[in-house]
Amino acid sequence: MKGIYYVVILYIFLMLPPVANLMESVMIIHMHMQMTLFAAIGFLLAPGMIRKFPRFFEEWNPNGIPGLLLFVLVIVYWTLPRSMDEALNLWYIELFKFISLPFLAGVPLRDSWKKLKSSWKNGLIIFFTLLFIVMGWLYIWSPNQLCNNYLLIDQITLGWGFLLTAVCMIIYLAYSYITDLAENI
Amino acid sequence: MEALKSYDWKDKANKALGISQEDARITKSYLSVAFIAILFGGLLGLLQGMNRAGILELPVWANYYKVLTAHGLLLVVVLSAFFTIGYFYAGLSHTLGGLLPKVRKMAWIGFWMKIFGFVLAVIPVLQGDASVMYTFYPPMAAAPMFYIGLVFIVLGVWMLAFGAFINVANWRKNHKGQHIPIFSFFATGVFVLLFFGSLPVAIEVFYIIPWAFGWIETINVMVSRTLFWAFGHTLVNIWYLTAISAWYVFIPKIIGGKRWSDLLTRVVVIALVIMNITGGFHHQIVDPGISESVKYMHVFMSLAIGFPSLMTAYAMFAVFEKTARKKGGKGLVGWYKKMPWGDVRFLAPFIAMAAFIPAGAGGIVQSTNQLNQVVHNSMWVVGHFHLTLGMTVVMTFFGVSYWLVPYVSGRVLTPKINKLGIIQTIVWTVGMVLMSGAMHWVGLLGSPRRTSYSTYFDNATALSWDPYLFFLAIGGTLLMIGVLLQVYAVFYMMFFAPKGETEFPMAEEEEDATPTPMWTERWGLWIVLMLTLVSMAYVIPLVDFIVNAPPGSPPFKTW
């Protein structure tokens, strides 16, 4: 249980204005590190919440699919250039980012993950792989600045970050396909 | 089922009969090259130390930079890699029931590729056409043959890495549901890092070769430096991971104890594999072209690598104290008397561990932006890596050699050689403390690294370095004595010691140990996580360096 306190400390630390400002000063760190960390915080907080409110999760997320959809919606929303701009310009959108990523993405993902069949899990990774390829293409080859707050070079870097992450996910999928994890380990 | 049975039989036979002659020959060859390299590398180090102290003027044909390049290559590229490979291949053979015939073949092909590559690289160095030091930073350019030699060295390493993967995969196929034996787990981690860590330097060298030939006019200096350090820092940590494998697996057995926490050990390996490569950035902490915020965030990445080291320190002292108390050791620190101080197989690695306390602290200093600016490119840095590599890693290698060499040679460690080993350990410790201490101190006073002796027109500050540089030379002389003793001990144990059986001292797990979860075996996942982290870490500076590339630099010969 002590672990939860560390997660809460990390959550508060990441929301501190100097820390948040530093991470948001680089586009790719804003999207790929800060946002991932917030989702990860939700992921780590989830077991405690599921223990505390078992009926709620059972009622709203019986087979894991609603949680998965919520996760996908929230994450896709935060990959849009405009959502990043708004998070930087409007305090309530920034607050929404701090709340939505842990509690509407990280927590539902953790609750859904163990309830989902492996086809859904792989489907999710394939979906994000395709999404990341498209986003990579968009950010690298867009001739215009898509975010008012970031330079074109930041955008290109983010695009390459998307493509590289997609490559990593493809490697993971290939690894899961060629190794039968349950049998091998 | 049949296969399983035959493997169990093979395991037992292996344990009873010791290593097969063919597998032993591989390790003996690798270790021989490693210790010949330390003999020559050490001699060149002594010449440099003498020159740096102003005691010895090198002849024109052997200037300081040429000697420095050869010293670095022999010790950084040859000694460490050849020892690591020989050591792990002996362990793979022991723990996985012998090397597969094709893996054996790969080990020999890799061996000759590495030797061929090294010969190709060393010819231009001796001719004075490649005094670029072991970091070979562009825009300094060596003769193309130097880089072609490096390509063969890297290809040889890959051959060995894949040999290890094939052997481990084969074992896993025949032992479903079992953990990879801990020593082979370390070997897997090391070869994964060797392969993925050498990818960036391979890209760099393929980029440098056409530039060195003059087929392309300019090179992007920052891209090549970044690729180099993605490899350079990983290589450093590969040696460290090799050293700690001996601490975790063999030291408990040598002191008469058991391994403590298999899970912790495996988590340390996984953490080091995932987080290592990005550590390269702290070598570029004062480089231009990387924004301050990115450097600042990389400090976290570098310090994260320190975390598994702290776990290791905890685990080691837990094993020491538990074992000593079982033997009747008492008191808060009084238990230390029960440790086998007279056994070189323990003493050398123990001093190596102790040296990592100041060495690790020095590393943290260097990865901190402001402190780095005080010591950057000064002799401090040279002192730091002589403490980490020259003590922590190499003394562990020395300690290992006192059982590994007799084990692969079918001979025994005699009390006389053990005594010689103790003397060697003391000589080496005093020598390295003097030399590395002097280097750290004189670095703080401003003495630069990689610079031939100069009084800078009798400048008072430069003259004030001289007493420290004297200590450096005295330490270097003691180290050369240490090298001679060690090389003598190794070849005596390999060819002349009395015949007999030496065990491969793998410690067992504690009886009441909790079973290690199987998720630790998901190597594919660890590799994907490592690749993701590396992509995230490198994408920012590399995209910037390439998209906003300067005109680039033509080759320079500065010597």
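With respect to chain B, the highest number of heavy-atom pairs below 4.5 Å among A:Leu158, A:Thr165, A:Asp154, A:Ile29 belongs to A:Ile29. Of the residues considered (B:Thr532, B:Ile180, B:Thr520), B:Thr532 shows the highest number of contacts with chain A, using heavy-atom pairs under 4.5 Å.
By the 6.0 Å contact criterion, CD on B:Gln373 is enclosed, its count of non-hydrogen atoms from other residues, nucleotides or ligands being greater than 12. A:Trp113 CH2: more than 12 foreign heavy atoms inside a 6.0 Å radius. Counting heavy-atom neighbours within 6.0 Å of A:Trp141 CH2, excluding the residue itself, gives a total above 12. Open room surrounds NZ on A:Lys52; 12 or fewer heavy atoms of other groups in view lie less than 6.0 Å from it. Few gaps surround CZ on A:Phe127; more than 12 heavy atoms of other groups in view lie less than 6.0 Å from it.
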Under the side-chain contact (heavy atoms from CB on, under 4.5 Å) criterion, do A:Thr157 and B:Asp544 qualify, and how do the steps go?
-> CA-CA 8 Å; A:Thr157 309; B:Asp544 196 19; 5.8 Å; no

Check the pair A:Leu22 / B:Met297 against side-chain contact (heavy atoms from CB on, under 4.5 Å), numbers first and verdict last.
-> CA-CA 9 Å; A:Leu22 177 72; B:Met297 276 178 267; 4.1 Å; yes

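In summary, of the residues considered (B:Val543, B:Val539, B:Ile546), a side chain to side chain contact (heavy atoms under 4.5 Å, CB included) with A:Ile156 occurs for B:Val543 alone.
Distance check, rounded to the nearest 0.5 Å: CD1 of A:Ile153 to CG of B:Asn548 gives 4.5 Å. With values rounded to the nearest 0.5 angstrom, B:Ile540 atom CD1 is found 15.5 Å from A:Trp160 atom CH2. Here the SG-CD1 distance, from A:Cys168 to B:Ile527, works out to 11.5 Å after rounding to the nearest 0.5 Å. Once rounded to the nearest 0.5 Å, the distance linking OG of B:Ser293 with CG of A:Asn21 reads 12.0 Å. Note that CG of B:Leu529 is 9.0 Å distant from OH of A:Tyr172, once rounded to the nearest 0.5 Å.
For B:Tyr296, the part lying near chain A is the side chain, with the backbone staying farther off; criterion is any non-hydrogen pair under 4.5 Å. Contact annotation for B:Leu542: neither backbone nor side-chain heavy atoms come within less than 4.5 Å of a heavy atom of chain A.
Closest non-hydrogen pair, B:Trp523 versus A:Tyr175, comes out as N-OH, 4.0 Å.
For the pair A:Met33 and B:Met536, the minimum side-chain heavy-atom distance is 4.5 Å or more.
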